[in-house]
Amino acid sequence: MTNTRTAKTRRMVGISILTALVVVLSLLSLVVKVGPFNITMTLVPIVIGAALYGTRASAWLGGVFGFVVVITCVTNVDAGGGILWNVSPILTFLVCMVKGIAAGLCAGLVYGAVSKKSVSGGVLSAAIVSPVVNTGLFLAALIFLFESTLVEWAGAAGKDVVTYILTVLVGINFIIELVLNLVLSSVIVRLIKYRQKGVM
């Protein structure tokens, strides 16, 4: 009974720390920009949550990330998000929440499946899937739900829509997010080993 309570307490503390880290990194990402868009650094603690505490924890962390993004849209701290919020608050809220939760959920599911054969492979797979899902759903939302806004953005940048998506929306931002996750995946593997030894 005591061991179960200790394990639950450690889990709660661990998830709480990762939740706080998601919030801090979400706010920090507002000042880390490449061009007009922010670099999302919050996917790293989401992947850590997936590896250490499972799918429900990573989905929760993704939801926290999504909610912070909603706040930056409402307050117009994120200029692009502010534009989308003015176009449709309900759709913007749903997009932010769904892409965040999905990024966490998919990271957790992929880690759970792949880590049965290889912990390192599970972490690497989750580190790849999380930014792909986050960016992919954002792009899908722009194309299918905010098409006129996307066309305006592309026109203002002097590009056609496809070129704008590839060079501005995806481009360097997505590559940096993906590389950041991959580089830190070795750190995540070490955290898992510490947990297995009962340190976390």
Side-chain angles (χ1 to χ4, degrees), residues 1-30 32 38-74 93-138 174 176-200:
M1 182 69 77
T2 304
N3 288 338
T4 303
R5 287 181 180 175
T6 302
K8 286 182 179 178
T9 302
R10 284 181 179 172
R11 177 183 172 83
M12 286 177 56
V13 170
I15 293 174
S16 298
I17 290 170
L18 289 175
T19 299
L21 192 56
V22 165
V23 173
V24 169
L25 289 177
S26 295
L27 297 175
L28 184 61
S29 70
L30 295 173
V32 181
N38 304 319
I39 301 297
T40 303
M41 297 181 287
T42 52
L43 299 177
V44 174
I46 291 172
V47 173
I48 292 172
L52 293 181
Y53 304 111
T55 304
R56 283 189 297 176
S58 60
W60 159 260
L61 294 169
V64 172
F65 162 54
F67 188 71
V68 174
V69 174
V70 169
I71 292 172
T72 65
C73 294
V74 173
F93 175 83
L94 290 175
V95 169
C96 292
M97 294 305 297
V98 168
K99 77 182 183 68
I101 293 170
L105 181 66
C106 291
L109 291 173
V110 168
Y111 175 80
V114 179
S115 64
K116 292 174 183 176
K117 294 184 177 179
S118 167
V119 171
S120 298
V123 170
L124 190 63
S125 299
I128 292 170
V129 165
S130 186
V132 168
V133 169
N134 181 61
T135 301
L137 289 178
F138 175 66
F174 172 73
I176 290 174
E177 290 171 10
L178 182 60
V179 169
L180 185 64
N181 270 14
L182 294 177
V183 167
L184 293 177
S185 63
S186 61
V187 176
I188 298 171
V189 171
R190 289 179 187 173
L191 288 173
I192 295 169
K193 290 179 178 177
Y194 284 134
R195 183 181 182 225
Q196 289 172 343
K197 292 177 181 177
V199 177
M200 299 180 69

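For Leu61 against Leu18, the heavy-atom pair with the smallest separation is CD2-C, 3.7 Å. In terms of heavy-atom proximity, Ala107 sits nearest to Ser130 at CB-CB, 4.2 Å. In terms of heavy atoms, Thr42 sits closest to Val22 at CG2-O, 3.2 Å. Of all heavy-atom pairs spanning Ala126 and Val47, the tightest one is O-CG2, 3.8 Å. Counting all heavy atoms, side chain and backbone alike, Ser26 lies closest to Val68 at CB-CG1, 3.4 Å. Taking every heavy atom of both residues into account, Ile46 and Gly62 meet most closely at CD1-CA, 3.8 Å.
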Show me, pair by pair, the donor-acceptor contacts under 3.5 angstrom made by side chains of residues 113-122, not counting sequence neighbours?
residue, atom, partner, partner atom, Å
Ser115, OG, Tyr111, O, 2.6
Ser118, OG, Gly121, N, 2.9

Mind listing the side-chain donor-acceptor pairs of residues 94-102 below 3.5 Å, one per line with the distance, residues two or more places apart or on another chain?
residue, atom, partner, partner atom, Å
Lys99, NZ, Asn134, OD1, 2.9

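Scanning for side chain to side chain donor-acceptor pair (under 3.5 Å) contacts around Thr19 gives Trp60, with sequence neighbours left out. Leu178 pairs by the side-chain contact (heavy atoms from CB on, under 4.5 Å) definition with Ile128, Pro131, Phe174, Leu182, not counting sequence neighbours. By the side-chain contact (heavy atoms from CB on, under 4.5 Å) test, Val179 pairs with Ile175, Val183, sequence neighbours left out. Applying the side-chain contact (heavy atoms from CB on, under 4.5 Å) test to Ile17 and every residue at least two apart in sequence or in another chain returns Val13.
Thr6 contributes atom OG1, which lies 15.0 Å from atom CZ of Arg11 (distance to the nearest 0.5 angstrom). Distance check: Tyr53 OH to Met12 CE gives 12.0 Å after rounding to the nearest 0.5 Å.
Judged by distance alone, with hydrogens and angles left aside, the side-chain atoms of Ser58 form a donor-acceptor pair with the main-chain N or O of Gly104 at under 3.5 Å.
Proximity of Phe65 to Leu25: side-chain heavy atoms (C-beta onward) are nowhere separated by under 4.5 Å.
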